[in-house]
Amino acid sequence: MKKLLLLFCVLLAIVFASCKSTAQETENDGLASSLVAQTDEDQNTGSAEDQNSQDGAQDQTADNTDSLSAAEASRKAALDAGAKDSYAAAFAANDAAFEALKALDDGKDHSKELADIKARYDALAAAAKAKKLKERIDAEGLAANSQADYDAGEKALAEFDAMIAVPATPGAALNKKASEAYNDYYAVYFKSYKKFANDERKNAIAQKKAADAVKAQVARKDEYKADADLILKGDQQFTTSNPEGAYNSYKEAAANFEALAKDVAEKRAEAQKAIEAAKAKVKSVDEYAEKADVEKPLGNEPVAGIEAEDTVLLEKDDFENPDEKIIKIDESVQGAN
């Protein structure tokens, strides 16, 4: 009887467990179905929103105004630099691409394409300027003043010429190489004129000293000051990285001081010669007067044409100290820039 009761309890437990498991599975299946349905709904909602967003984006027209203006400005700079002559084929090809984009007018964003076109114009401008600078360096024989920079410029310009012949070369890469060539040539030009400016400044200082020696600072005050100001102007140009301007100012000052010193010296010599002649004449007159006074004394009566002893013949002259009128200028060589 006990065994039968135990068996009945076991069977009852199994049936109960089976019922509970089925109910849990049904509940889980319902939850899963609910989650799937929710996910599908979310996906459908998202797809609709994305589609609406895309449709809205297509309805909006891209504004390429700034990119077009930037490219146009670079084109003008390239024209001013002479790129249309120096790189005619490349300039024409870039023009054609630019015109095609302007004519497209499809409302899409073309900022990337326009940025590449702008970079190509910038590259052509830099390369054209590099070529002109190279020609000047060769004509003036400046390469020896900075041979390493010159050689680097030659290499970079040759590489640019090879790159521009390949249409697929990015504009940014072209601009980088062209700028590299220009900077190398500019270093030759800058270092050369920096040296020339320092040498000419020394000459200007030397010519100023010659003018000081003949007292030009007193004899020709205005000219002397103007020439001294030219040296100071050159110093200002030098410190603002304009060595060629400084060189020209120093050169003009040197030439002016040299001419001024020579002219003042010549006039001073003529004046001295006149003074010596006058002294000789006075001496001759004195000797004649002494002789006449011995032979035929005049006495104390006034004589027509002869001034009284206390007569003032010349205005009083307040003589200036020439040394105090010298304009002081630092004689040290200009520093690096």
Flag the pair [X] and [Y] as a salt bridge only when some basic side-chain nitrogen lies within less than 4.0 angstrom of an acidic carboxylate oxygen.
{"X": "D95", "Y": "R75", "value": "yes"}
{"X": "K208", "Y": "D227", "value": "no"}
{"X": "K155", "Y": "E159", "value": "yes"}
{"X": "E154", "Y": "K134", "value": "yes"}
{"X": "K76", "Y": "E72", "value": "no"}
{"X": "E258", "Y": "K209", "value": "no"}
{"X": "K112", "Y": "D116", "value": "no"}
{"X": "D263", "Y": "K267", "value": "yes"}

Under 4.5 Å between any side-chain heavy atoms of [X] and [Y], yes or no?
{"X": "N145", "Y": "K195", "answer": "yes"}
{"X": "F196", "Y": "P243", "answer": "no"}
{"X": "I231", "Y": "F257", "answer": "yes"}
{"X": "Y185", "Y": "L157", "answer": "yes"}
{"X": "K215", "Y": "V264", "answer": "no"}
{"X": "Y121", "Y": "N94", "answer": "yes"}
{"X": "R120", "Y": "L174", "answer": "yes"}

Residues, nucleotides or ligands: over 12 heavy atoms within 6.0 Å of D106 CG:
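More than 12 within 6.0 Å, yes.
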
Closest non-hydrogen atom pair between [X] and [Y], with its separation:
{"X": "Y150", "Y": "V188", "result": "N-CG2, 3.4 Å"}
{"X": "A128", "Y": "A81", "result": "CB-O, 3.5 Å"}
{"X": "L124", "Y": "A83", "result": "O-CB, 3.6 Å"}
{"X": "Q217", "Y": "K221", "result": "O-CG, 3.3 Å"}
{"X": "T240", "Y": "Q237", "result": "OG1-O, 3.0 Å"}
{"X": "R201", "Y": "I329", "result": "NH2-CG2, 3.7 Å"}

Just by modelled atom types, is the [Y] backbone N or O under 3.5 Å from a matching donor or acceptor in the [X] side chain?
{"X": "N64", "Y": "S67", "answer": "no"}
{"X": "N248", "Y": "E244", "answer": "yes"}
{"X": "Y224", "Y": "L260", "answer": "no"}

Before you tell me yes or no, could you show the steps for S146 and F190 under side chain to side chain contact (heavy atoms under 4.5 Å, CB included), namely the whole-Å CA-CA distance, both residues' side-chain angles and the distance that decides it to 0.1 Å?
CA-CA 10 Å; S146 186; F190 186 88; over 6 Å; no

Do [X] and [Y] get their side chains close enough for a donor-acceptor pair, meaning under 3.5 Å?
{"X": "N203", "Y": "E200", "value": "yes"}
{"X": "D151", "Y": "Q147", "value": "yes"}
{"X": "D235", "Y": "Y250", "value": "yes"}

Within this structure, what is the [atom1]-[atom2] distance for the pair [X] and [Y], rounded to the nearest 0.5 Å?
{"X": "L114", "Y": "L68", "atom1": "CG", "atom2": "CG", "answer": "5.0 Å"}
{"X": "D212", "Y": "I326", "atom1": "CG", "atom2": "CD1", "answer": "4.0 Å"}
{"X": "D63", "Y": "D66", "atom1": "CG", "atom2": "CG", "answer": "6.5 Å"}
{"X": "L232", "Y": "S249", "atom1": "CG", "atom2": "OG", "answer": "10.5 Å"}
{"X": "K194", "Y": "D199", "atom1": "NZ", "atom2": "CG", "answer": "11.0 Å"}
{"X": "D80", "Y": "K129", "atom1": "CG", "atom2": "NZ", "answer": "10.0 Å"}

Any idea how Y189 and Y186 line up, ring-wise: parallel (<30°), tilted (30 to 60°), or perpendicular (>60°)?
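The arrangement is tilted - the two ring planes meet at 30° to 60°.
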
Donor-acceptor pairs under 3.5 Å, side chain of residues 84-91 to any protein atom, not counting sequence neighbours: which ones?
from	atom 1	to	atom 2	distance (Å)
S86	OG	G82	O	3.3
Y87	OH	D161	OD1	2.7

Please determine if K177 forms a cation-pi arrangement with F160, meaning its NZ or CZ atom is less than 6.0 Å from the six-membered ring centre and no more than 45° off the ring axis.
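Not flagged: K177 not positioned over aromatic ring of F160.
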
Return a table of donor-acceptor pairs under 3.5 angstrom between the side chains of residues 165-173 and protein atoms on other chains or two or more places apart.
from	atom 1	to	atom 2	distance (Å)
T169	OG1	M163	O	3.0
T169	OG1	V166	O	3.0

Give the C-alpha distance, both sets of side-chain angles, the deciding distance and a yes or no for side chain to side chain contact (heavy atoms under 4.5 Å, CB included) between E140 and Y193.
CA-CA 11 Å; E140 296 183 19; Y193 274 90; 2.7 Å; yes

All salt bridge (Lys or Arg N to Asp or Glu O under 4.0 Å) counterparts of E99, not counting sequence neighbours:
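Only K102 meet the salt bridge (Lys or Arg N to Asp or Glu O under 4.0 Å) criterion with E99.
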
